[in-house]
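Just below is one structure, and these are the notes that go with it.
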Amino acid sequence: MFKLLRKPGSKSPPAPEESQTTFRARPEVRGSQGAASAPVSGSPASGAPVSTAPATRAGRPEPIAVRHTVPMRARPEVLYRLALVPTRRAAWDSNMAESAWADSTQTLKNGARARFRLVRRLGGLKFEAEYGGLKTSRSGGWRSVRGMGPLEEFSQEWTFKPVPGQPVTEVTLTLRGQVRFGWVRAQVERMMQNMLLSTLLDMQREVDAPTASRIDEMNQELRRQEEARCKAEKAARKGNRNRR
């Protein structure tokens with residue numbers, strides 16, 4: 001009905017179909033265009049670095065990592081072989097029911113494999129592990145080849161640091177695990193903490209029995225103090241309820 005008036009010589013804007021700008025989806029978006037077409041807020045600007053870390057599964061629990069350091073009166077090379085040679089492990093570690101080589105090399109080197117079985121109180125789980133990060137007399141560890149029980153992954157890492165001027169080595173043990181389900185995480189973490197401390201205490205007993213006895217006595221005393229504190233708090237709460 002009405003015609004738009006424009007000044008002489010002015011140019012009308014190009015029609016949308018005449019625009020030369022073409023938007024192409026990024027590779028990571030192109031594969032999921034059918035899933036959702038709405039724009040995502042907070043997306044990085046063009047040219048900004050994009051993280052290449054793999055996406056985690058929705059609802060996957062956080063990994064577990066526990067670590068502890070203990071000084072021991074022994075040389076690093078002695079502790080290194082005691083901790084990492086599988087044929088020696090079950091002889092002193094109360095958490096291991098069985099430990100042996102799983103391949104024909106039977107040599108402590110990166111890529112070698114060993115078989116382990118935990119004791120019954122830890123579920124009696126069996127697993128095969130592959131060694132890695134070995135630095136003679138300094139550090140090393142292994143990682144499970146496949147999942148076992150509630151764990152998708154399980155690994156141990158050892159480091160041995162000599163103390164200058166003393167016949168003492170600082171031994172650090174780190175346990176890492178990835179549980180399959182979140183509801184079992186707290187229970188598995190407690191199990192790993194107990195396993196960590198008992199393994200270090202067993203090694204201490206193997207190389208330095210007097211020091212291990214003192215550490216055991218200290219742990220028992222701390223446990224008694226913790227139990228007494230819990231009883232006192234419980235009695236105080238009960239008294240407060242009775243006064244009400």
Side-chain angles (χ1 to χ4, degrees), residues 51-70 79-80 82-103 106 108-134 139-160 171-206 212 215-216 219-220 222-223 226-227 230:
S51 174
T52 58
T56 57
R57 189 176 59 202
R60 186 177 186 183
E62 290 292 326
I64 301 171
V66 292
R67 178 185 293 110
H68 195 63
T69 301
V70 174
L79 298 170
Y80 175 83
L82 192 65
L84 295 171
V85 175
T87 52
R88 303 183 62 181
R89 184 65 179 270
W92 59 266
D93 191 346
S94 61
N95 297 301
M96 295 289 180
E98 295 177 9
S99 59
W101 293 107
D103 54 18
Q106 299 192 2
L108 191 57
K109 63 179 183 179
N110 292 325
R113 293 194 176 189
R115 291 191 305 269
F116 299 98
R117 181 169 70 86
L118 303 180
V119 294
R120 185 175 299 178
R121 62 182 169 82
L122 296 176
L125 299 174
K126 297 181 180 181
F127 61 98
E128 186 173 317
E130 182 176 350
Y131 284 92
L134 296 177
S139 62
W142 45 254
R143 180 185 299 274
S144 61
V145 176
R146 59 183 62 86
M148 57 170 183
L151 287 166
E152 290 183 355
E153 296 177 1
F154 181 60
S155 66
Q156 284 193 2
E157 300 171 12
W158 295 84
T159 58
F160 309 95
V171 180
T172 301
L173 174 58
T174 304
L175 302 185
R176 303 181 190 276
Q178 176 65 61
V179 295
R180 301 179 189 275
F181 311 104
W183 58 268
V184 78
R185 187 183 189 279
Q187 181 180 354
V188 172
E189 185 172 7
R190 286 193 299 269
M191 181 192 74
M192 289 174 59
Q193 289 174 347
N194 292 334
M195 184 178 182
L196 173 80
L197 296 176
S198 58
T199 296
L200 290 173
L201 185 58
D202 289 340
M203 176 178 277
Q204 186 77 271
R205 288 195 183 102
E206 184 71 13
I215 294 175
D216 200 10
N219 289 337
Q220 291 178 5
L222 290 173
R223 193 179 300 111
E226 181 66 18
E227 291 175 355
C230 292

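Numbers here are sequence positions counted from 1. On a predicted model such as this, the values are computed, not experimentally measured, just so you know.
Distance check, rounded to the nearest 0.5 Å: CG of Leu173 to CE of Met195 gives 8.5 Å. With rounding to the nearest 0.5 Å, the separation of NZ in Lys109 from CG in Leu134 is 11.0 Å. In this structure, Glu153 CD and Leu151 CG are separated by 9.5 Å, a value rounded to the nearest 0.5 Å. Here Leu125 contributes atom CG and Arg120 contributes atom CZ; the two are 13.0 Å apart, rounded to the nearest 0.5 Å. The CD atom of Glu206 sits 10.5 Å away from atom CG of Leu79, with the distance rounded to the nearest 0.5 Å. With rounding to the nearest 0.5 Å, the separation of CE in Met96 from CG in Leu118 is 5.5 Å.
Between Glu130 and Val145, the shortest heavy-atom distance links the atoms N-CG2, 4.1 Å. Of all heavy-atom pairs between Leu175 and Met192, the closest is CD1-O, 3.4 Å. Between Ala90 and Ser99, the shortest heavy-atom distance links the atoms N-OG, 3.0 Å. Residue Asp202 comes nearest to Ser94 through the heavy atom pair OD2-OG, 2.5 Å, listed as atom of the first residue, atom of the second, then distance. Between Arg113 and Asp103, the shortest heavy-atom contact is N-OD2, 3.1 Å.
Considering only heavy atoms from C-beta on, Ser198 comes within 4.5 Å of Asn95 through its side chain. The closest side-chain heavy-atom distance from Thr174 to Val66 is not below 4.5 Å. For the pair Thr199 and Trp158, the minimum side-chain heavy-atom distance is below 4.5 Å. Under the 4.5 Å side-chain criterion, counting only non-hydrogen atoms from C-beta, Met148 is not in contact with Phe116. Side-chain atoms of Gln178 and Ser144, non-hydrogen and from C-beta on, never get closer than 4.5 Å to each other.
Here Arg143 pairs with nothing under the side-chain hydrogen bond (donor to acceptor under 3.5 Å, both in side chains) rule; sequence neighbours left out.
Ring geometry for Phe160 against Tyr80 counts as perpendicular: the plane angle is over 60°, on a 0 to 90° scale with 30° as the lower cut. Between Phe127 and Trp142, the ring planes lie tilted relative to each other; the angle falls in the 30° to 60° range.
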Next on the checklist: Could you go through Arg185 and Glu62, starting from their C-alpha distance and side-chain angles, then the distance that decides it, and tell me whether this counts as side chain to side chain contact (heavy atoms under 4.5 Å, CB included)?
Outcome noted: CA-CA 9 Å; Arg185 187 183 189 279; Glu62 290 292 326; 4.2 Å; yes
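Between Ser139 and Thr159, the side chains place no donor N or O within less than 3.5 Å of an acceptor N or O (distance only, hydrogens not considered).
Few gaps surround CD on Gln193; more than 12 heavy atoms of other groups in view lie less than 6.0 Å from it.
Under the 3.5 Å distance criterion, the side-chain polar atoms of Arg180 are matched with a main-chain donor or acceptor of Gly149. A donor-acceptor pair is defined here as one N or O able to donate and one able to accept, closer than 3.5 Å; such a pair exists between the side chain of Asn110 and the backbone of Gly133.
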